[in-house]
Amino acid sequence: MTSSSAASRKNLSKIACNRLQKELVEWQVNPPAGFKHKVTDNLQRWVIEVAGAPGTLYSNETYQLQVDFPENYPMEAPQVIFLHPAPLHPHIYSNGHICLDILYDSWSPAMTVSSICISILSMLSSSTVKQRPEDNDRYVKNCRNGRSPRRQGGGSMMTKYDN
Amino acid sequence: MGDKEKEPVLEDDAMGSCSAWGNFEDDDVMQQQCSIQDDEAKKFPYVGDKEPLSSLAAEYQSGSPILLEKIKVLDEQYAAIRRTRGDGNCFFRGFMFSYLEHILESQDNAEIDRVKANVERSRKALQTLGYAELTFEDFFTLFLEQLEDVIQGKETSISHEELVLRSRDQSVSDYVVMFFRFVTSAEIQKRSEFFEPFIMGLTNTTVEQFCKSAVEPMGEESDHVHITSLSDALGIPIRVVYLDRSSCDTGGVSVNHHDFIPVATDLPNASGSTEKNNPFITLLYRPGHYDILYPKGG
């Protein structure tokens, strides 16, 4: 299910390719703390290892993020999900989908893979309880695409972070 | 501070009217409505063809008499309208087309040099604010390319027809819109003390948060704050003509407009010309949407 959307993906545009190359170089020089990019030759799909921050509910745990870039990145947000097993978190569904506004309506080209990672880590770190979203079963059962949820119940689920 | 809690409550109320349908259908219905609106908008090009002003009156044939009266008044001063897609980027898109069209037709080299200097100031402002160069440089490059290409007599020169085509091509049009969003955001943050009270009044968020959530994401609609800051940052005056149902106290029908005149001193035609206060960009505002207007004899 997690890779169902990959089949219909179009190749990156030239300008998207350019931008991603630059982000990759920047990442190599200055990676966000707690993240490791697993190097492959696929520029359009990044797999990133996340280490839970010390002193939080997720310390000593590692997870994997899968980042897929659309043809017209960065005009459109990348699709970001946790690979199985996803961390137990009130805004992360068991299928790895993440409820985070910057991945949808609040995305802007001023953001980068790196800034998304920092927002996701901040979302993990600020959690006070390890549990699934209340509507997890319903959401996962009805989820028809590989994308993370756009907006649930008028946005009440959506996490806003200031990063 | 107390206001902070008001907004979610309002949102819940709005949702409440649907809740009888059950949460499940709610999400589906909302998503479907969103996609219907998106699809409707997508039928229209980013920038339409130039149409006679009579096409505006035709829209309101069976509508409000006061609007029809106002359109008659507009008809005395304006010859044509060019519509833009209602996708939340219409202000920036209308500004883009109107500005590049003006440069293409006027071949005003002094204006080009002046605006380029302001573009570089915006670039510096973003750097100072801590934006990573890689996030905005492509957008700056693309805009400067368009500006170069409307200058005639070069190998890369483009015709008016080509300008229309580019404005309808997502890979150019959206990049230029995003360029303006960067410039607008930089100007607001650079002068955050000035803009703060307006922003607090609009959204009750910090200046930085406002820029992140209401300026930088594509599709976020523009308000006075956006227009003021873009006009100031680039030093380009903008006239906005308002077409709404409001009637004036004196009984007669008139159409209001507001000129956004940049605060900077290096205005186009600043050398004492009377054109100083005569913006060459005119946008027609109807609640929630901006189109381009063409003055008569212009």
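Chain letters run A, B, ... following the sequence lines, proteins first and then strands; every chain starts at 1.
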- request: Pick whichever of B:Y175, B:F136, B:F139, B:Y131 has the most heavy-atom pairs under 4.5 Å with chain A.
  value: B:Y175

query: Tell me, side chain or backbone of A:E26 under 4.5 Å from chain B's heavy atoms, or both, or neither?
result: side chain

query: Is there a donor-acceptor pair closer than 3.5 Å between any side-chain N or O of B:H289 and the backbone N or O of B:T84?
result: yes

query: So, A:S122 side chain and A:I118 main chain: donor-acceptor pair closer than 3.5 Å or not?
result: no

- prompt: Do you know which of B:F180, B:Y290, B:F260 makes ring-ring contact (aromatic ring centres under 6.0 Å, His included) with B:F95?
  reply: B:F180

message: Report which part of B:E133 has an atom under 4.5 Å of a heavy atom belonging to chain A: side chain, backbone, both, or neither.
response: neither

message: Does B:K190 qualify as a cation-pi partner of B:F195, given the criterion of NZ or CZ under 6.0 Å from the six-membered ring centre and within 45 degrees of its axis?
response: no

